[in-house]
Amino acid sequence: MLLFDDYKKDILEEIKKIYSVSENDIDINGDYGDFTLKIFKFQNEKEEVYSKIKSTLNKDYIENIELQGNYINFFIKPGKMFNVVENSIETFGMYPNTFQDTSKALIEHTSSNPTGPIHVGRIRNSIIGDSIYRIINRFGTRSCTQYFVNDSGKQVISLYLGHVKYHKGEQMTVENLLDGYQKIYSNMEKDQSIKKEIQELDERYERGDRELISDIQKTASIVLESITASLEKLGIHISTYVWESNFILYGEVAALMDQLSEELKSEGNAKYLEIGDKKIFVTRQDGTSLYFARDLVYHMFKSQNFDWVIDVLGEDHKDHAKNLDYVLHNYLDFPSKIDYLFYGFVSLESGKMSTRKGNIITVNDLYEKTVEESEKIIREKRPDYPEETVNQISNAVASSSIRFNIVKINANKPLTFRWSEALNFEGDSAPFIMYAYARACSVLSRAGNSRESNSKYNEYEKNLIKAMYLYPYYLQSSVDFLRADIIAGYMLYLVKSFNEFYLNCPVIGNEEEYKRIRLLKAFKRIMEDSSDLLGIRLLEKI
RNA sequence: GGGCUCGUGGCCUAGUAUGGAUAAGGCACCGUCCUUCUAAGUCGGUGAUCGUGGGUCCAAAUCCCACCGAGCCCGCCA
């Protein structure tokens, strides 16, 4: 799929001609060489193996081959690696060059119930989902994102009823809707009639009462707009929204239930599927549909237009997804490739987050505080920057920091949100990356005319070249494992190699200026490329 | 109780898929470097029986078993 050159394969092929080695015997990212061949199985004859390989392997890109312990390390000429990078950028405008796949992918992420503002727990879903979307797109599979709007079922009916009961006549706002929603749940325990009202509304809804559906959709829209606005602050744009109610309104849920009729079992009027020894209910006693049924319909819908479907889900959905997957493949002949990407819950130092108890940090709060902190630091460090620049930088820093701090952690790890970490702009952080980019831009802006020189690459230049050269490997594995954190780790590695280069290799006015400017141009391009995958907003000045 | 996931210096994380060279970064702490391209940076130092105990192997953070601890799930909620 990728069109970049691969020395590893070439070296391996050559060695295979004389010794029986497999792909697992050779590593690309060793600390001791550019490629490392493990020769434990030739321990008794390693000198011989080494000299034979060394004399046989006559490649113009190999600078050196060394025997160290039970390893043979291959060193690639930096100039060769850099040519690969530079040629690709000059020819295709990017490195690595990828070609567009004909298949299409759909990443469903966020899909938060529109019953309140989005908080730092939910946003992990959006950040991971959006990054994966960008990564897959970059890799060459056309993709888009989708938000499944839950505008049916008890929760959103409660939201609607809360407004009717407690805020009737008021203009709908996120605040009074949330208040009504919380009141419904707290009063429900004392007042059984509320449950009944909800049930009646649900039945009307499922019968296709267009006026009610439209009212509820309107209610959900108000909250959804605030969620969308929060997402946009982080550069997260959802391509399409699919409203759950449409599947009910146009009879698709009912149609799917018909399709499944042979598999369905009854308990009274309620219907369920038996998966293993578990009963998965799809309709209630009163005939109304359950989330599982609607989600099945939604997935069949997704498969109509997409070859690859990816769901980004909280770990609490693991069982749901497992059951869903079972039904899709065993009863419904699901035609697309499907992957489920789970992420661990985000907790606060004070414990679990709960919208109803009110101990949440909303994305808007987080964003605001991060902007403030950033402004404070910029005013300290760059007192000469005009207000507009401070604003621009602090917004970019806030958006990038929030995203990076969350995406850099492996999704299946639990995460504790800490203000001290969220507001730290040093070390493994987005500003650390942004700062390196700004430095590179600053040097490039001063570049004059310089002549080519023939000197070899020093170790700092070589490390930077290698870090750039390896970008496709990280990109590939982040796609293979659907892990955006791999790109985050790569960026930190790339930036560290740049920082060492920057400190040790003066560019402007140096006799190596021409060569180093070329390195910086490539670095700049790869920084832009990889930052974009994570939604890090680079600026020429920071 | 059953199922899934996580456990790596004081704190946070990478490495675990494919076992291999002194376990790699960051935060915090101590010290270094701005008359050279942005010090949100650099370099050095302190600090790890890789949850515990067994097993497999020439070799285990990585594979297997057991146990301990944390999270999530086990609704005619979503």
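Treat the numbers as computed from the prediction; the structure is a model and nothing was measured. Note: hydrogens, waters and symmetry copies are ignored here, and every other heavy atom, side chains too, is used. A, B, ... follow the sequence lines: proteins, then strands. Residue 1 opens every chain.
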Value in whole Å for how far the C1' atom of B/U8 lies from CD1 of A/Ile409:
14 Å
With heavy atoms under 4.0 Å as the rule, sort A/Ser420 into base, sugar-phosphate or nothing.
nothing
Heavy-atom contacts, protein to nucleotides 72-78 of chain B, under 4.0 Å, summarised as B (base), S (sugar-phosphate only) or - (none) per nt, yield SS--BBB
Between A/Leu538 (CG) and B/U38 (P), how many Å, whole number?
17 Å
In terms of relative ring orientation, are A/Tyr490 and A/Tyr474 parallel, tilted or perpendicular, with 30° and 60° separating the classes?
tilted
Could you give the distance separating B/U13 and B/A21 at their C1' atoms, to the nearest angstrom?
23 Å
How should the glycosidic conformation of B/C57 be described, syn or anti, under the criterion that syn lies within 90° of 0?
anti
So, for A/His320 and A/Tyr291, is the gap between ring centers shorter than 6.0 Å?
yes
Find which nucleotide of RNA chain B each of A/Asn499 and A/Ile542 is nearest to by heavy atoms, and output the residue with the more 5' nucleotide.
A/Ile542
Base, sugar-phosphate, or nothing for A/Glu380, non-hydrogen atoms under 4.0 angstrom?
nothing
Could you check whether A/Lys496 gets within reach of a base, just the sugar-phosphate, or nothing at all, counting any heavy atom under 4.0 Å?
sugar-phosphate
With the criterion set at under 5.5 Å between ring centres and under 30 degrees between planes, would B/A21 be stacked on A/Tyr32?
yes
Side chain of A/Phe432 (C-beta onward), nearest among B/G41, B/C6, B/C37:
B/G41
Could you measure between the two C1' atoms, the one in B/G51 and the one in B/C57, and give it in whole Å?
23 Å
Considering only the P atoms, how many Å lie between B/U62 and B/G54, rounded to the nearest integer?
14 Å
Integer angstrom distance from the C1' of B/C50 to that of B/C43:
28 Å
Spacing of A/Asn44 atom CG relative to B/C58 atom P, expressed in whole Å:
14 Å
Of B/A40, B/C43, B/C37, the nucleotide closest to the side chain of A/Glu500 is B/C43
Kindly indicate whether the side chain of A/Tyr437 and the base of B/U38 share any N or O donor-acceptor pair separated by less than 3.5 Å?
no
Under 3.5 Å for both donor-acceptor distances, Watson-Crick or wobble: does B/G9 have a partner, and if so which one?
none
For A/Asn504, answer base if it contacts any base atom (sugar-phosphate contacts may also be present), sugar-phosphate if it contacts only those atoms, and nothing otherwise; contact means non-hydrogen atoms under 4.0 Å.
nothing
Counting only Watson-Crick pairs (N1-N3 plus N6-O4 or O6-N4) and G-U wobbles (N1-O2, O6-N3), all under 3.5 Å, who is the partner of B/C57?
none
For A/Tyr502 and A/Phe498, take the angle between the two ring planes, folded into 0 to 90°, and tell me which bin it lands in: parallel under 30, tilted 30 to 60, perpendicular over 60.
tilted
Watson-Crick or G-U wobble partner of B/C74, both distances under 3.5 Å:
B/G1
Closest-nucleotide 5' rank along RNA chain B - winner of A/Lys541 and A/Asn24
A/Asn24
For nucleotides B/A40 and B/G19, find the distance between their C1' atoms and express it as a whole number of Å.
40 Å
Minimum heavy-atom distance A/Ser111-A/Phe148, with the two atoms named
OG-N, 3.0 Å
Return the value, rounded to whole Å, for the distance between atom CE of A/Met353 and atom C1' of B/G71.
13 Å
With heavy atoms under 4.0 Å as the rule, sort A/Arg483 into base, sugar-phosphate or nothing.
sugar-phosphate
If you look at every strand shown and take non-hydrogen atoms under 4.0 Å, does A/Cys505 touch a base, only sugar-phosphate, or nothing?
base
Can you check whether A/Asn458's main-chain N or O pairs, donor with acceptor, with A/Glu461's side chain at less than 3.5 Å?
yes
Could one point to a donor on the side chain of A/Asn73 or the base of B/A21 with an acceptor on the other under 3.5 Å away?
yes
For the pair A/Arg294 (side chain) and A/Val253 (backbone), establish whether a donor and an acceptor sit closer than 3.5 Å, ignoring hydrogens and angles.
no
For nucleotides B/A61 and B/G53, find the distance between their P atoms and express it as a whole number of Å.
13 Å
Write down the partner of B/A48 under the Watson-Crick or G-U wobble criteria, each distance required to be under 3.5 Å.
none
For B/A40, does the base pair up with any side-chain atom of A/Ser429 as donor and acceptor (N or O, under 3.5 Å, distance only)?
no
Checking all strands, does A/Leu492 fall into the base, sugar-phosphate, or nothing category for heavy-atom contacts under 4.0 angstrom?
nothing
Listed by chain and number, what are the salt bridge (charged side-chain N to carboxylate O under 4.0 Å, His left out) partners of A/Glu274, not counting sequence neighbours?
A/Lys265
What integer number of Å spans the P atoms of B/C72 and B/C65?
26 Å
Rounded to whole angstrom units, what separation is found between the OH atom of A/Tyr460 and the C1' atom of B/G41?
15 Å
Any strand, both distances under 3.5 Å, Watson-Crick or G-U wobble: B/C37 pairs with none
Given 3.5 Å as the limit, does a donor-acceptor pair link the side chain of A/Arg403 with the main chain of A/Leu534, or not?
yes
Under 3.5 Å, is there a donor-acceptor pair between the side chain of A/Gln285 and the main chain of A/Asn269?
yes
Measure from the side-chain heavy atoms of A/Arg446 and tell me the nearest of B/C37, B/G15, B/U8.
B/C37
Span that lies between the C1' atom of B/C73 and that of B/C30, in whole angstrom:
47 Å
Looking at the base of B/A39, is there any donor atom on it, or on the side chain of A/Arg439, that sits under 3.5 Å from an acceptor on the other one?
no
Just to be sure I understand the rule, does A/Arg382 reach a base, reach only the sugar-phosphate, or reach nothing, if contact means heavy atoms closer than 4.0 Å?
base
Would you please indicate if the ring centroids of A/Phe281 and A/Phe292 are separated by under 6.0 Å?
no
A/Asp428 CG - B/A24 C1' separation (whole Å)
11 Å
Name the nucleic acid region contacted by A/Ile508, choosing base, sugar-phosphate or nothing; use a 4.0 angstrom heavy-atom cut-off, strictly under.
base
